[in-house]
Amino acid sequence: MPEEDLVELKFRIYDGSDIGPFRYSPASTVAMVKERIVTEWPKDKKIVPKGANDVKLINAGKVLENSKTVGQCRVPFGELPRGVITMHAVVQPCLAKAKTEKKVDEAPRKSICSCSIL
């Protein structure tokens, strides 16, 4: 693939630091990009993703779907030709884990009515 067809991406994480830039083929999927982000994630950070499913990529205010390609996620306006595209990488644990933990936390709570009639 010619060098000029590659898309250059960098990823901004929660503390404002960046991962990358890396070059990707427009045919690369978002899932492949997430795998690379997990392997390149700085190990000294407080929040570290355990897997690609824990990472959400945001570009132009939209959360990118794993099945989409990098070429489909490019925003045609506002990007400079051959420029580096910055995406936000957010760590968000899987919903199944979060719901289970939430149910455990709420279990000890009891509803107490504190009505007073005067």
Side-chain angles (χ1 to χ4, degrees):
M1 174 165 286
E3 185 84 12
E4 63 270 359
D5 288 345
L6 297 177
V7 179
E8 196 166 8
L9 304 174
K10 71 178 177 179
F11 307 95
R12 178 117 340 129
I13 59 177
Y14 67 93
D15 66 351
S17 60
D18 291 335
I19 300 173
F22 304 114
R23 292 176 181 246
Y24 295 96
S25 160
S28 299
T29 64
V30 172
M32 293 167 54
V33 173
K34 287 181 178 183
E35 289 291 337
R36 174 93 185 259
I37 291 171
V38 170
T39 59
E40 299 288 336
W41 196 276
K43 303 300 180 206
D44 61 336
K45 301 295 180 189
K46 287 181 182 178
I47 302 172
V48 179
K50 294 177 182 165
N53 288 335
D54 290 347
V55 177
K56 304 291 183 230
L57 291 181
I58 302 171
N59 185 33
K62 294 182 180 178
V63 177
L64 306 182
E65 298 174 24
N66 287 341
S67 60
K68 298 280 187 180
T69 64
V70 171
Q72 291 171 325
C73 297
R74 289 176 71 177
V75 178
F77 58 90
E79 300 293 347
L80 298 173
R82 291 185 177 70
V84 178
I85 299 170
T86 302
M87 295 185 179
H88 292 272
V90 179
V91 177
Q92 182 178 12
C94 292
L95 294 176
K97 292 178 187 175
K99 286 182 180 179
T100 305
E101 290 173 5
K102 188 175 180 182
K103 287 180 182 177
V104 171
D105 290 343
E106 290 179 0
R109 297 182 186 174
K110 293 183 179 180
S111 298
I112 301 173
C113 181
S114 59
C115 299
S116 3
I117 301 174
L118 298 173

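Quick note: numbers below take in every heavy atom, side chains included, and nothing from hydrogens, waters or symmetry partners.
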Practice prompt. Output the rest of the hydrophobic cluster of Val63: all Ile, Leu, Val, Met, Phe, Trp and Tyr residues reachable through side-chain heavy-atom contacts under 4.5 Å, sorted by chain and number.
Written response: Ile58, Val90

Discussion item. Using 0.5 Å steps for rounding, measure from the OG1 atom of Thr29 to the NZ atom of Lys68.
Written reply: 12.5 Å

Response to the item:
Residues Val55 and Ala89: closest non-hydrogen pair is CG1-CB, 4.4 Å

Fill in: Ile13 and Trp41, any side-chain heavy atoms less than 4.5 Å apart
yes

Item to complete: Give the C-alpha distance, both sets of side-chain angles, the deciding distance and a yes or no for side-chain contact (heavy atoms from CB on, under 4.5 Å) between Lys34 and Val38.
Response: CA-CA 6 Å; Lys34 287 181 178 183; Val38 170; 5.5 Å; no

Worksheet item: About how many Å separate CG of Leu9 and CG of Asn59, when rounded to the nearest 0.5 Å?
Response: 8.0 Å

Item to complete: State plainly whether one hydrophobic cluster holds both Phe11 and Val91, where clusters connect Ile, Leu, Val, Met, Phe, Trp and Tyr through side-chain heavy atoms under 4.5 angstrom apart.
Response: yes

Review item, side-chain donor-acceptor pairs of residues 14-21, under 3.5 Å, at least two apart:
residue: Tyr14; atom: OH; partner: Lys46; partner atom: N; Å: 3.2
residue: Tyr14; atom: OH; partner: Ile47; partner atom: N; Å: 3.4
residue: Asp15; atom: OD1; partner: Ser17; partner atom: N; Å: 3.1
residue: Asp15; atom: OD1; partner: Ser17; partner atom: OG; Å: 2.7
residue: Asp15; atom: OD2; partner: Lys45; partner atom: NZ; Å: 2.5
residue: Asp18; atom: OD1; partner: Arg12; partner atom: NE; Å: 2.6
residue: Asp18; atom: OD1; partner: Arg12; partner atom: NH2; Å: 3.2
residue: Asp18; atom: OD2; partner: Arg12; partner atom: NH2; Å: 3.0

Worksheet item: Which distance, rounded to the nearest 0.5 Å, do you find between the CD of Glu35 and the OG of Ser28?
Response: 12.5 Å

Worksheet item: What's the shortest heavy-atom distance between Val7 and Pro26, and which atoms?
Response: CG2-CG, 4.1 Å

Worksheet item: For atom NZ of Lys56, is the number of surrounding heavy atoms from other residues, nucleotides or ligands below 6.0 Å larger than 12?
Response: yes

Worksheet item: Where is the tightest heavy-atom contact between Ser25 and Val70, given as atom of each residue plus distance?
Response: O-CB, 3.9 Å

Worksheet item: Would a 4.5 Å heavy-atom cut-off, applied to side chains only, mark Leu64 and Met87 as touching?
Response: yes

Fill in: Hydrophobic cluster membership, Val30 vs Phe22, 4.5 Å side-chain cutoff
yes

